[in-house]
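Taking it in order: structure first as structure tokens, then the write-up.
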Number of protein chains: 2
Amino acid sequence: MRILILANGSEPSSGLLGSLREKCDRFVAADGGGNTALKMGFPPDTVIGDLDSFSHAGDFDGELIRDPGQETNDLEKALGLARSLKAVRVDVLGATGKRIDHTLKNLSVLQQFDPFFDTLAFYDDLFYTRILPRDFSLRLPPGHLVSLFPLSGKVEGIVTQGLRYPLNNEPLENGRRDGTSNETDEGPVRIQHTSGTLLFMTALAPGLL
Amino acid sequence: MRILILANGSEPSSGLLGSLREKCDRFVAADGGGNTALKMGFPPDTVIGDLDSFSHAGDFDGELIRDPGQETNDLEKALGLARSLKAVRVDVLGATGKRIDHTLKNLSVLQQFDPFFDTLAFYDDLFYTRILPRDFSLRLPPGHLVSLFPLSGKVEGIVTQGLRYPLNNEPLENGRRDGTSNETDEGPVRIQHTSGTLLFMTALAPGLL
């Protein structure tokens with residue numbers, strides 16, 4: 001099962017929300033994300049959260065799950081639901097961009113939930129963002145923006161193929177060496193690493209949807 | 001000397017730009033940030049960068065520093081200038097918010113340049129963001145939002161005073177335990193830690209300007 005989650009960060013374009021909605025089996029809004037979904041004409045199957053932000057609870061006829069626990073944020077609640085539904089792929093919109101503390105918290109949540117799905121990715125209108133497995137391959141057009149970030153502070157043993165500025169068994173370390181603003185060369189991209197949590201961001205492309 | 005830098009991320013409100021401009025001795029725009037500054041009616045003293053984004057070079061009568069080096073981004077160039085001018089305090093606007101890869105890259109730059117100034121902080125209309133020294137104190141109003149993020153992946157030995165959800169010699173680790181959405185209690189805030197890079201974000205308040 002492929003699940004789409006809309007969190008309460010920056011609003012996606014209706015083009016992006018519509019494209020992902022079409023491809024996913026189920027659409028879950030995290031609390032205030034439900035307001036965005038309804039406003040944009042894409043009623044969610046489920047709204048989950050402490051429901052302190054969702055303002056349409058009275059006239060919403062989908063599934064409503066109230067989870068008041070203050071130990072988890074609304075995105076964590078939605079991902080917990082995706083996990084209990086045995087989702088294989090989860091696409092998340094609205095997890096980044098609005099507030100810096102929410103963006104960083106949600107990157108921590110991304111890391112926390114990544115092991116439970118085949119693919120867990122954040123989407124916004126510019127970027128596709130995910131944590132990489134130890135050995136990762138993807139076909140992208142030549143000249144396509146690719147950025148890497150060591151989410152664990154340091155990531156070691158990075159080997160890349162198909163990038164303009166290659167890494168050959170090198171580390172990335174926050175505050176010392178980073179891998180932003182790389183781009184694809186000819187051929188498929190392959191990125192391997194031996195330790196740490198490596199965040200991958202690439203410009204959105206049709207094949208990533 | 002206190003220097004204000006405007007980078008090319010999300011535009012600040014003119015109220016925030018004006019307040020910081022007034023308090024700083026010198027105003028440096030990083031490349032495309034110069035367009036924002038001029039548009040908002042605050043001509044910078046200096047525009048620095050590879051100048052591929054600054055579109056007013058012809059009719060700008062301030063200092064123009066063209067540095068085409070592709071190893072550093074425009075914010076790094078502006079911070080390098082602040083360093084060479086022996087700035088003590090540097091306030092940076094427009095470093096976060098627009099693109100997730102630029103935001104993360106600039107947090108890496110924040111870590112890289114933090115040792116060279118007494119205070120280096122990112123400002124946007126919602127947050128004041130900086131890396132904490134091992135022992136940090138600040139007076140904030142009660143009930144004020146405070147978030148912590150382990151920029152080095154893991155930060156150990158955190159002891160807080162004056163926060164509603166205190167940490168008592170505990171670690172924060174990305175993907176496991178985070179410190180976002182805390183808030184101030186009565187009395188001043190004190191945050192100590194023994195290792196790692198701890199990012200501090202708090203809601204903007206007049207005393208932080």
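Letters A, B, ... are given to chains in the order of the sequence lines, protein chains preceding strands, and every chain is numbered from 1.
Here the side chains of A:V159 and A:P166 are not in contact, with every heavy-atom distance at 4.5 Å or above. Residues A:L20 and A:F42 form no side-chain contact, since every pair of their non-hydrogen atoms from C-beta on lies 4.5 Å or further apart. Two residues are said to be in side-chain contact when any heavy atoms from C-beta on lie closer than 4.5 Å; A:F54 and A:L38 meet this criterion. In this structure, the side chains of A:L208 and A:L138 come closer than 4.5 Å at one or more pairs of heavy atoms.
When heavy atoms are compared at a cutoff of 4.5 Å, B:L145 approaches chain A solely by way of its side chain, counted from C-beta outward. In this structure, no portion of A:L148 lies under 4.5 Å from any heavy atom of chain B. Only the side chain of A:L126 has a heavy atom closer than 4.5 Å to any heavy atom of chain B. Neither the backbone nor the side chain of A:I131 has a heavy atom closer than 4.5 Å to any heavy atom of chain B.
Nearest approach of A:V28 to A:A78, heavy atoms of both residues: CG1-CB, 4.1 Å. Heavy-atom minimum distance, B:V189 versus B:G162: CG2-O, 4.0 Å. Residues A:A87 and A:I3 share a closest heavy-atom pair of CB-CD1, 3.7 Å.
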Polar contacts chain B-chain A (donor-acceptor, d < 3.5 Å, no H, no angle):
residue, atom, partner, partner atom, Å
B:D101, OD2, A:S147, OG, 3.3
B:K105, NZ, A:D178, OD1, 3.3
B:K105, NZ, A:D178, OD2, 2.7
B:S108, OG, A:N174, OD1, 3.3
B:S108, OG, A:G175, N, 2.8
B:Q111, OE1, A:N174, ND2, 3.1
B:Q111, NE2, A:N174, O, 3.3
B:S147, OG, A:D101, OD2, 3.3
B:L151, O, A:N174, ND2, 3.0
B:N174, O, A:Q111, NE2, 3.3
B:N174, OD1, A:S108, OG, 3.3
B:N174, ND2, A:Q111, OE1, 3.2
B:N174, ND2, A:L151, O, 3.1
B:G175, N, A:S108, OG, 2.8
B:D178, OD1, A:K105, NZ, 3.3
B:D178, OD2, A:K105, NZ, 2.7

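Note: A:F117 and A:F113 have parallel aromatic rings, judged against thresholds of 30 and 60 degrees for the angle between ring planes.
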